[in-house]
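For reference, the structure discussed in these notes is given below.
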Amino acid sequence: MTQPVALVTGASRGIGRAVAIELARVGHAVVVNYLQNAQAADEVAAEIAAGGGRAVAVQGDVSLSADRQELIGKTFQHFGRLDLLVNNAGITSLGRADVLEATEESWERVFATNLKGPFFLSQLAARAMIDLVRAGKTQGGKIVNVSSISAYAVSTNRADYCIAKAALVMMTHVFAVRLAEEQIQVFEVCPGVIESDMTVPVKQKYDRLIAEGLSPIRRWGRPEDVAKAVAAIASGAFPFSTGDCLNVDGGFHIRRL
Ligand code: NAP
């Protein structure tokens, strides 16, 4: 049982799906978490199995405490260990309302899914990883938080999303500092504008902005671009780093004149 095990939240579609498939390709057994799209998650697991890997689809709402417990429990039930947690599941602002019209309902849903879920799932995963290290069963663990350029680039119609992503940056730092002594590294992967179901409603807007030079690399990001960054972290490419951010944004983050 030396194969590393990854738990990827929101892995039925988009970025999480690509991350799960890439992690399997580089040798991980993968827990493919999803919220409601069982068929899509099963297809991801089947694609991994068809490539010779091991994967299982597990339903669970990261915003719910009982579901987070069960996610970790089922990871151990199926694969007996946990080496990597990828906090990827996320939702955008409900209705994309202007900040002056933003609702508490959207705030609560976005914060529960995009911040509270990753925080408490990281806590559970870290405790489990610490136990494994102390028992001599693993040498360490990793946590990757999928943030966004929205952590620092304002959208006035997605205030809750932007603020939750900004908080995720600090969350990465807090866990990185606390878990360094436990042999657990914590990273942020910061995607730019990525083709997925989440960005379908704003496709025309971003087609135009990208053509006008929104990012120095003038194309949409692909889920596979993000997956490659996560896989590099998972593969141990950064042994003396923690708390770092890998931008996967075509250079969007560089200020220009
Ligand atoms: P997506 O295509 O909308 O997929 C969202 C995934 O999250 C699905 O697998 C969905 O499961 C799952 N999910 C949603 N709520 C969940 C919950 N409460 N518990 C468990 N799983 C849940 O989104 P995406 O574009 O791939 O985004 C993935 C992450 O990247 C998000 O954190 C997002 O904020 C971030 N991001 C995206 C972009 C972009 O341009 N797309 C840019 C920067 C950052 P079901 O299939 O079951 O619904």
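Read the numbers this way: they start at 1 and go in the same order the structure lists the ligands and their atoms.
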task = Enumerate the atoms of ligand 1 whose separation from the nearest heavy atom of T199 is less than 4.0 angstrom.
result = 39 (C), 40 (O), 41 (N)

key: Side chain, backbone, both or neither: the part of I91 lying under 4.0 Å from ligand 1 by heavy atom   = side chain

inquiry  = So is N33 touching ligand 1 or not, going by heavy atoms under 4.0 Å?
reply    = yes

ask   = So which heavy atom on F79 is nearest to which on V56, and how close?
value = CE1-CG1, 3.6 Å

query = Under 3.5 Å, side chain of N37 to main-chain N/O of S12, donor-acceptor pair present?
reply = no

request  = Identify the two heavy atoms, one from S241 and one from F187, that lie closest to each other, and give their separation to 0.1 Å.
outcome  = O-CZ, 3.4 Å

ask   = What do we get for N88 next to ligand 1 when only non-hydrogen atoms under 4.0 Å count, side chain, backbone, both or neither?
value = both

message = Tell me the protein heavy atom at minimum distance from atom 26 (O) of ligand 1, and give that distance in Å.
response = I15 N, 2.8 Å

message = How far is atom 42 (C) of ligand 1 from the closest protein heavy atom, and which atom is that?
response = G192 O, 2.9 Å

ask   = If every non-hydrogen atom of P4 is compared with every non-hydrogen atom of G27, which pair is closest and at what distance?
value = CD-O, 3.7 Å

task = Quick one: look at V62 and ligand 1, take heavy-atom pairs under 4.0 Å, and tell me if it's side chain, backbone, both or neither.
result = both

request  = Determine the minimum heavy-atom distance between A128 and I72, stating which atoms define it.
outcome  = CB-CG2, 4.5 Å

query = G60: heavy atom below 4.0 Å from ligand 1, yes or no?
reply = yes

inquiry  = I need the contact type for S147 against ligand 1. Using non-hydrogen atoms and a strict under-4.0 Å cut-off, is it side chain, backbone, both or neither?
reply    = backbone

query = Are any of the side-chain nitrogens in D83 or R81 under 4.0 Å away from the carboxylate oxygens of its partner?
reply = yes

Proximal atoms of ligand 1 relative to Y34 (non-hydrogen, under 4.0 Å) = 47 (O)

key: Identity and separation of the nearest protein heavy atom to atom 12 (C) of ligand 1   = G10 CA, 3.5 Å

task = Give a yes/no on ligand 1: does K165 have at least one heavy atom closer than 4.0 angstrom to it?
result = yes

key: Salt-bridge present (R96, D160; N to O < 4.0 Å)   = no

request  = Look at the rings of F119 and F175 and say which category their plane angle falls in: under 30° parallel, 30 to 60° tilted, over 60° perpendicular.
outcome  = perpendicular

query = Short N/O distance, under 3.5 Å, between L35 and ligand 1?
reply = yes

task = Go through the steps for I217 and F252 under the test side chain to side chain contact (heavy atoms under 4.5 Å, CB included), then give the verdict.
result = CA-CA 8 Å; I217 301 176; F252 173 89; over 6 Å; no

remark   = closest protein heavy atom to atom 36 (N) of ligand 1 is Y161 OH, 3.7 Å

request  = Might you confirm whether atom CD of E105 has over 12 heavy atoms from other residues, nucleotides or ligands at distances under 6.0 Å?
outcome  = no

ask   = Short list, please: which atoms of ligand 1 are under 4.0 Å from a heavy atom of G14?
value = 2 (O), 26 (O)

query = Run the side chain to side chain contact (heavy atoms under 4.5 Å, CB included) check on V189 and N145 step by step: do they pass?
reply = CA-CA 6 Å; V189 169; N145 298 318; over 6 Å; no

inquiry  = Among all protein heavy atoms in this structure, tell me which lies nearest to atom 11 (O) of ligand 1, with the distance rounded to 0.1 Å.
reply    = S12 OG, 3.3 Å

query = Hey, is C190 one of the residues with a heavy atom under 4.0 angstrom from ligand 1?
reply = no

note = When distances are taken from atom 21 (N) of ligand 1, the protein heavy atom at minimum range is A89 CB, 3.5 Å

request  = Can you pull out the closest protein heavy atom to atom 1 (P) of ligand 1? Residue, atom name and distance to 0.1 Å, please.
outcome  = R13 NH1, 4.1 Å

Salt-bridge criterion met for E47 and R17 (N-O under 4.0 Å) = yes

note = Of all heavy-atom pairs linking I130 and L179, the shortest is CD1-CD2, 4.3 Å

request  = Around atom 24 (P) of ligand 1, find the nearest protein heavy atom and jot down its residue, atom name and distance.
outcome  = S196 OG, 3.6 Å

key: Under-4.0 Å heavy-atom contact with ligand 1, by part of E195 that carries it   = neither

